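Proteins get letters first, then strands, A, B, ... in listed order; numbering begins at 1 in each. Just so it is clear, the model here is predicted, and its values are computed rather than measured.
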Amino acid sequence: MLSIEQIRNETDTVRAALVRRAEDEDCLDDILTLDTRRRVAITEGDELRARRNQVSREIGQARSQGDQPADDIIAEMREVGQRISGLEDEVRDLDSRINDAMMALPNLPDASVPDGTDETANLVLRHWSEPTKLDFEAQPHWDIAERLGIIDFQRGVKLSGSRFYTLNGYGARLERAIIAWMLDLHGNEHGYTEMSLPIIVRRETMEGSGNLPLFADNLYHDEEDDLWLIPTAEVPVTNLHRDEILDAGQLPMYYVAHTPCFRREKAAAGRDTRGIKRVHQFNKVEMYKFVEPDTSFDELESLLGNAETVCQRLNLPYRILQLCAGDISFPSAKSYDVEVWAAGSQEWLEVSSCSNCTDFQARRANIRYRPGVGERPRFVHTLNGSGLALPRVIIAILENNQQPDGSVVIPEALRPYTGFDVIPAA
RNA sequence: GGAGAGGUGGCCGAGUGGUUGAAGGCGCCGGUCUCGAAAACCGGUAUACCCCUCUGGGGUAUCGCGGGUUCGAAUCCCGCUCUCUCCGCCA
């Protein structure tokens, strides 16, 4: 959520930034109109309340001295009370309309974010290593995995429907190893605190992270208790410190968590239907930072570095994309994507998206910190990045490390965790 | 799921209709004292919003949340929510 002060005082800046995101900025005028009406109503209500407080105090004092208050004063105050109620209704209505409009506004792109309205305008910043070249006919992961018997698509569908699968034997063990290895890497070498979190959360939690009310379409929902399955660990982590005022000394705070992620993928129906590139349930290791505002853009660079380290240690060729203004996610002010090369399906796979959400989520979830003793609380900045998403890492390992005999070699870094060096050809 | 108890400021804890945004204590910050520290003493110590003749002044709201009664509610009534205890159930 943006700040109403910024919309009020820097309207043109906000308008220009929204245009860069290819967002409709007409609502700004509506918000400003509602905001003016709101403040008029608040002022009038406050004045009436001040009058009522004063008179009530006088009535109390008179009564304590045995005097009876005049009936006409009581009658007048009764009427003042009704006017106050009316103004309160009006303010409540205006608040909710302003809030609805504000909730629909995305974060503003940072000045360093390139122009562009969609993914075609994203910039390739750099490559690491060369896309894997195999001197035999490379197979896509769905063929490799089925042949090795480590992914069962049919039975996944039998259990849960399309876009579900099971990992079997070496496949399941490989996934478990990758998760444990990533958590250890970020926990031991990058300074993140490991968390195990609820993956089913209340409505308020989804609102705090910005997934509701706008993106309900992509979420699984339990109607009976109004609980929601998380699409990413970003949701519970963001809300860990909701409605808190942190000490400056506590920042920065780094968290890493492995969770299953659930996505209905309504908007992507029909896309990427083969294999495990786009599924309804997947595992992900997520990195998350709460930081002081002045440091957040530096923190974004180191966050990206942490994601890159994962790819490097796995020896997966990757490239870094800087997302353009029209392609950064709703709460983000600046984002980088990490894409690894998959030699079988011959495409770049997004395995991580690292974003600086500045104070956008913090404002929504009311996460503040006190810069110094006696100073006013300020909103923290939040950042998140996958570190990494499991299915696509598995795809890349299977496709890049496949051997002519049909086996798949495990990256060295993972071997202490898998306990095997190769998935043997069946 | 059943029964009961309870949610007050950073923490503990008073407070059942009228100068209570909230006693008292602890903690924290500043000061006095001291070579320094401790102790003691003095002072300060929530958040959000609004207005103005705006390096300052004034006002409003907030005692889990939302309604209601009343001139006036932390205090009374209703609904919700969360926590705790006991019973039941269960990994």
Enquirer: Distance check, C1' atoms only: B:U55 and B:A37, in whole angstrom units.
Expert: 39 Å
Enquirer: Tell me the interatomic distance from A:R51, atom CZ, to B:U60, atom P, rounded to whole angstroms.
Expert: 13 Å
Enquirer: Does B:C35 have a Watson-Crick or wobble partner in any strand here, with both distances under 3.5 angstrom, and which is it?
Expert: none
Enquirer: If you measure from the P atom in B:U16 to the same atom in B:G6, how many Å do you get, rounded?
Expert: 14 Å
Enquirer: Under a 4.0 Å N-O cut-off, is there an ion pair linking A:D226 with A:R202?
Expert: no
Enquirer: Under a 3.5 Å cut-off for both contacts, is B:G72 paired Watson-Crick or G-U wobble with anything, and if yes, with which nucleotide?
Expert: none
Enquirer: Between B:G72 atom P and A:I74 atom CD1, what is the distance in whole Å?
Expert: 9 Å
Enquirer: Could you run down the sub-3.5 Å N/O contacts of the protein with nucleotides 48-51 of chain B?
Expert:
residue, atom, partner, partner atom, Å
B:A48, OP1, A:R368, NH1, 3.1
B:C50, OP1, A:R8, NH2, 3.2
B:C50, O2', A:T43, OG1, 2.6

Enquirer: What's the CZ-P distance between A:R78 and B:G72, to the nearest Å?
Expert: 9 Å
Enquirer: Considering every strand shown, what is the Watson-Crick or G-U wobble mate of B:G56 when both distances are under 3.5 Å?
Expert: B:C52
Enquirer: Which one is paired to B:C11, where only Watson-Crick or G-U wobble pairs with both distances under 3.5 angstrom count?
Expert: B:G25
Enquirer: Could you identify the nucleotide paired to B:C90, looking across every strand shown and requiring Watson-Crick or G-U wobble geometry with both distances under 3.5 Å?
Expert: none
Enquirer: For A:R370 and B:G10, give me the distance from atom CZ to atom P, rounded to whole Å.
Expert: 9 Å
Enquirer: Using purine N1 to pyrimidine N3 plus N6-O4 or O6-N4 for Watson-Crick, or N1-O2 and O6-N3 for G-U wobble, both under 3.5 Å, which nucleotide pairs with B:C65?
Expert: B:G79
Enquirer: Let me spell it out: for each of A:G45 and A:I245, pick the nucleotide of RNA chain B with the closest heavy atom. Which residue's pick is nearer the 5' end?
Expert: A:I245
Enquirer: When the P atoms of B:C77 and B:C82 are compared, how many Å lie between them, rounded to an integer?
Expert: 22 Å
Enquirer: Can you tell me if A:R52 touches the phosphate of B:U60, counting only side-chain N or O atoms and a distance under 4.0 Å to OP1 or OP2?
Expert: no
Enquirer: Using nucleotides 15-18 of chain B, report all nitrogen or oxygen pairs with the protein that are shorter than 3.5 Å.
Expert:
residue, atom, partner, partner atom, Å
B:G18, O6, A:R63, NH1, 2.9
B:G18, N2, A:S56, O, 2.9

Enquirer: To the nearest angstrom, how far is A:R83 atom CZ from B:C71 atom C1'?
Expert: 15 Å
Enquirer: Enumerate all atom pairs, one protein N or O and one N or O from nucleotides 53-57 of chain B, separated by less than 3.5 Å.
Expert:
none

Enquirer: Please give the nucleotide sitting opposite B:U20 as a Watson-Crick or G-U wobble pair, both distances under 3.5 Å, or none.
Expert: none
Enquirer: Could you give the CD-to-C1' distance, from A:E375 to B:C29, as a whole number of Å?
Expert: 13 Å
Enquirer: Roughly how many Å is it from CD1 in A:I84 to C1' in B:G59, rounded to a whole number?
Expert: 13 Å
Enquirer: So, is A:N53 near the phosphate of B:U60, with a side-chain N or O under 4.0 Å from OP1 or OP2?
Expert: yes
Enquirer: Within the sub-3.5 Å range, which N or O atoms of nucleotides 89-91 of chain B have a protein N or O partner, and how far apart are they?
Expert:
none

Enquirer: Working note: A:V291 + A:L251, criterion side chain to side chain contact (heavy atoms under 4.5 Å, CB included); need CA distance, chi angles, decisive distance, verdict.
Expert: CA-CA 6 Å; A:V291 308; A:L251 301 175; 5.9 Å; no
Enquirer: Nearest-Å distance, CG (A:L48) to P (B:G72)?
Expert: 13 Å
Enquirer: With sequence neighbours excluded, tell me which residues meet side-chain contact (heavy atoms from CB on, under 4.5 Å) with A:D184.
Expert: A:N188, A:Y417
Enquirer: Who is the Watson-Crick or G-U wobble partner of B:A3, with both distances under 3.5 Å?
Expert: B:U85
Enquirer: Going by heavy atoms closer than 4.0 Å, what residues in residues 87-105 of chain A are next to RNA chain B?
Expert: A:R92
